[in-house]
Structures are given as C-alpha cells and as structure tokens.
Amino acid sequence: MIPVTTLKGKKVALFGLGGSGFATARALVAGGAEVTAWDDNPDSVATAAAGGIAVADLRTIDWNGLSVFVLSPGVPLTHPKPHWTVDLAHAAGVEIIGDVELFVRERRAHAPDCPFIAITGTNGKSTTTALIAHILQSSGRDTQLGGNIGTAILTLDPPKAGRYYVVECSSYQIDLAPTLNPSAGILLNLTPDHLDRHGTMQHYADIKERLVAGSGVAVVGVDDSHSSLIADRIERAGGKVTRISRRHVLADGLYAEGSRIMQASVGATSEIADLDGIQTLRGGHNAQNAAAAIAACLAVGVSPDEIRAGLKSFPGLKHRMQPVGRRGRVVFVNDSKATNADAAAPALSSYENIYWIAGGLPKEGGITTLAPLFPRIAKAYLIGEAAPAFAATLGEQVPYEISGTLERAVAHAAADADRDEHESAAVMLSPACASFDQYKNFEVRGDAFVSHVAAIEGVTMLIGSATGGI
C-alpha cells in the first residue's frame, strides 16, 4: 500500500467504494487523512465501514474545510451529466481528483526521480503496459505494475529511489489527475470511444493529451490525425517527443518494417528489434505496441539488449489475442478484451481461416469497420444482444449462425473448424462488444471461453501460469 501522507491531517471526502475506491480510502486513512466516504451501493458502504472507513451520505456533510474530493474514475465527471457529488464539490470550490493524482503527489513528495511510465490510448494500452513491465522485471528491476490494467495504483509499494512504476491510465483517470507527470508517457492511438462520458471526440483527445504533455519524454503514435497533431503541439511547446508508427517510415522515431522495429535518428536508421517468431507479439498492432514499449524503456535507461531479451520472453496478456488451446490444426484464441470493433481488428488481421465468436452488448458503429477483414472469416458465431445487428452486417458476405450463448458458440465453432480442410484454422473469441449483457466483465467472459475450450475432447491447453501467458 502507498499511504497518502500528503493529505495527513486534512479533511477528504471520497465517493465510489468499489475495488479501487476502497483501496484509495484505506490508503488515505493509512496516511493520516480524515476521510468521509460514500457510495450509491449500500453493500459497498457496509464493507467500507466494517473495514474502518468513516462513512456518511455526502449530501449531509459540511463541504467547507475539505481539502480535496476524491472521485472514483467510474463516476461521471462531466458527461452525460456530472454526478451529484461533483455538483456539490464545485459549489463548495473543492478540488476533484482521483487515485492516480494521489500517487503522483506521493511520488513527487518522496521519490520524484523514481522512473514512472504511464500508458494510454484507445487500443493496445494493456498489452503495452504488460510488455513494459515484463521487460523491466526480466532485466532485474524493482517493478510495480498497476492502474487501469487491474491493480489499484495505491495498493502498490510506496515510491522509493530505483523503483519503477508502469501504470495504465484510462481517460477517466487522466481527467482526475491534473498534475500527471510521468518520466515517459505513451499515447498509442486515438479512435472514438467512451464518447458518452466525454461528449465529443475532441474533448476525449484533449484529455488523453494531458498524459503525454506532462511527460519527460512523450512517446506518441502518429498513425491517426489526432495523435499526430498532439505530437506536433508538444514538440512546439518544447517537449521531448519520440514518434512511433506501424504504417509509415519515420525520419526520427521508431517504426515497424514488417516484423522489424527500426530506430531513426539524425539521418541514421538501424534495427533495434525483430518480432519474428514471437507469437505473443504477432500482428501489426503489436509492432506498434512493441515500438512504444521500446521507446519508453530506452527513455528510462533500459539497454537495447535487455529490451530484446524481454520481448522474446513476453508471455502475452491474458484475454488479449491469447492462444489458450490447440487440437490438431486448430488453435483456440481468447481475445475477450476486444470490446469494440477497432479492438477486434488486430486479432482478425493476425489470423486466417477464422471461426469467429462475436457479440455481446453492442457499441456504436457495430462491426461495419471490420468489413475488409470479412474474407478471413470462415464462419461467425453470434452471441448476446448484438447478434441480430451483427447478422445484418455480415449479410451474405460471411456464413453465420446465431448461437446465443458462448458455450454453444464454442462447441459449434470447434466442430466446424475440425472439419475444415485448410492447413490451419483459428476458433477465436473476439467479441467487438462489451460483456455486460451476459457477463460481469471481459475477464469473466474470457475465463468462460477458456473453460469451454478446456471441456472439448482432445484439446491440449496452452496456458499454464497465473500470468496468462503461453
């Protein structure tokens, strides 16, 4: 735990007592803050009270004299409308921050020079975060991994010299971290997402920009117009920028040339790594992820040899293009983390002859943007609320069935793939949808897929460690 000592003796209100919120409340109390916490869920309030956290309905407290209001990132700050606690904080003139900002302040107070890498982007940030942490850990460095990737940031070990932090940041967390200042900040890409919470694409991009604008080194993917303009703005303002690209040759920066990651600087170009044969980093999207990870690791003093060794031993990210089983020529791939069409595209573009399991709670735009990849799909198995809409999009281009449930989809896809006469085939869960119509989250959905695959006769399971690697 990281005790929040910077608010010792201060009065703090907190709303949101889920996993990260409860961890934040405990860290505040451990650091000596006077905390009053609340949640709309009575069970969460009861759990916090039983854990020694002072609780009270924030409608009833005196907001005068509060130093800060700590808001869970899952609670609306601006759109579609501010949460009622946000209105109360604004009325009282109380600053609104989140757990990442509390971490930033603790680092600044106790170990301002300890390396801190922060990662954001619409797609690819979890893989990039996990890859960076693996490179650092495999090189023997004291590494702390957390944030939006699943470990609450304030549950990590406290900042100290020589300790490295690798933190995935969602747009919600960045919006609540006004002084975010990583040693190296990564912005991978920007495509429309979470616009229900940010209102417009421009506002969403502006929030993401804050992470790299405050970085010692800004690592920015320049394959989309929003991110490219952000890189230009930071550079014009005097910031240090490393551009990365999976699509373009760069005069200065890191870019992909097939499986090779090239480094260009002052007119000279050299290969810094080759991803050929690294199954957990296959596909053009992973070339971008690897380029970003390499740039960030170089920025915090990791040697090229250490980076190359870490790339080769990367076990992969659970639920993201994760080969989980094999039966003969058929590989079973868990890509449950693909919760929108853009996120599903990398997996679909990395395999051929795909028996595709898709569907769930649909997002705006559906799967229309995936049409260029439809020729790779042998058959689709549609589940959840999105099934009828996805069927309409597939039309006569792709054979499909409406399976309804994941269990039925896995069984039918496995049987069809087994009859396939091609050299290889992939049964792939890459839903292009949120999970909430049938599952609590994408992790539960992915675990269910793995369980259904394991139940198929003759399948050899490929996952063996808690890391979810292969």
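For clarity, every value in this text was computed on a predicted model and none was experimentally measured.
Taken to the nearest 0.5 Å, the CG atom of Leu176 stands 8.5 Å off from the OG atom of Ser72.
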### Query
Are Thr179 and Arg108 close enough, and set up right, to give a side chain to side chain donor-acceptor pair (under 3.5 Å), and what steps lead you there?
CA-CA 10 Å; Thr179 68; Arg108 188 178 297 122; 3.1 Å; yes

### Query
Where do Ser403 and Arg408 land on the side chain to side chain donor-acceptor pair (under 3.5 Å) test, with the steps shown first?
CA-CA 6 Å; Ser403 306; Arg408 190 179 298 118; over 6 Å; no

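For the pair Arg282 and Tyr351, the cation-pi test (distance below 6.0 Å, angle within 45°) is passed.
Between Asp113 and Lys160 there is no salt bridge, since no side-chain N of the basic residue sits under 4.0 Å from a carboxylate O of the acidic one. Using a cut-off of 4.0 Å between Lys/Arg side-chain N and Asp/Glu carboxylate O, Asp223 and Arg246 are scored as not salt-bridged. Ionic pairing of Arg233 and Glu209 is present here: one or more N-O contacts between side-chain nitrogen and carboxylate oxygen are shorter than 4.0 angstrom. Taking a cutoff of 4.0 Å between a charged side-chain nitrogen and a carboxylate oxygen, Arg243 and Glu235 qualify as a salt bridge. Electrostatic pairing of Glu95 and Arg105 counts as a salt bridge here, judged by a charged N lying under 4.0 Å from a carboxylate O.
Distance alone, capped at 3.5 Å, is enough to place a donor-acceptor pair between the Arg163 side chain and the Pro158 backbone. With Lys208 contributing its side chain and Gly121 its backbone, the two residues share a donor-acceptor pair below 3.5 Å. Ser336 contributes a side-chain N or O that, together with a main-chain N or O of Gly446, makes up a donor-acceptor pair within less than 3.5 Å. A distance-only check finds a donor-acceptor pair linking the side chain of Thr368 to the backbone of Gly365 [under 3.5 Å].
Remark: the Thr60 side chain and the Asp57 side chain contain no N/O donor-acceptor pair separated by less than 3.5 Å. Side-chain polar atoms of Thr5 and His110 form a donor-acceptor pair below 3.5 angstrom. For Lys337 and Ser126, the side-chain atoms include at least one donor-acceptor pair closer than 3.5 Å. Side-chain contact, Ser245 with Gln288: no donor N or O sits under 3.5 Å from an acceptor N or O. In summary, the side chains of Ser183 and Arg107 do present a donor paired with an acceptor at a separation below 3.5 Å, with no hydrogens or angles considered. When only modelled atom types and interatomic distance are considered, Ser139 and Arg141 share a side-chain donor-acceptor pair under 3.5 Å.
Evaluated for a side chain to side chain donor-acceptor pair (under 3.5 Å) with Thr128, the options Asn123, Asn289, Thr120 yield exactly one hit, Asn289.
Aromatic ring centres of Tyr255 and His248 lie farther apart than the 6.0 Å criterion allows.
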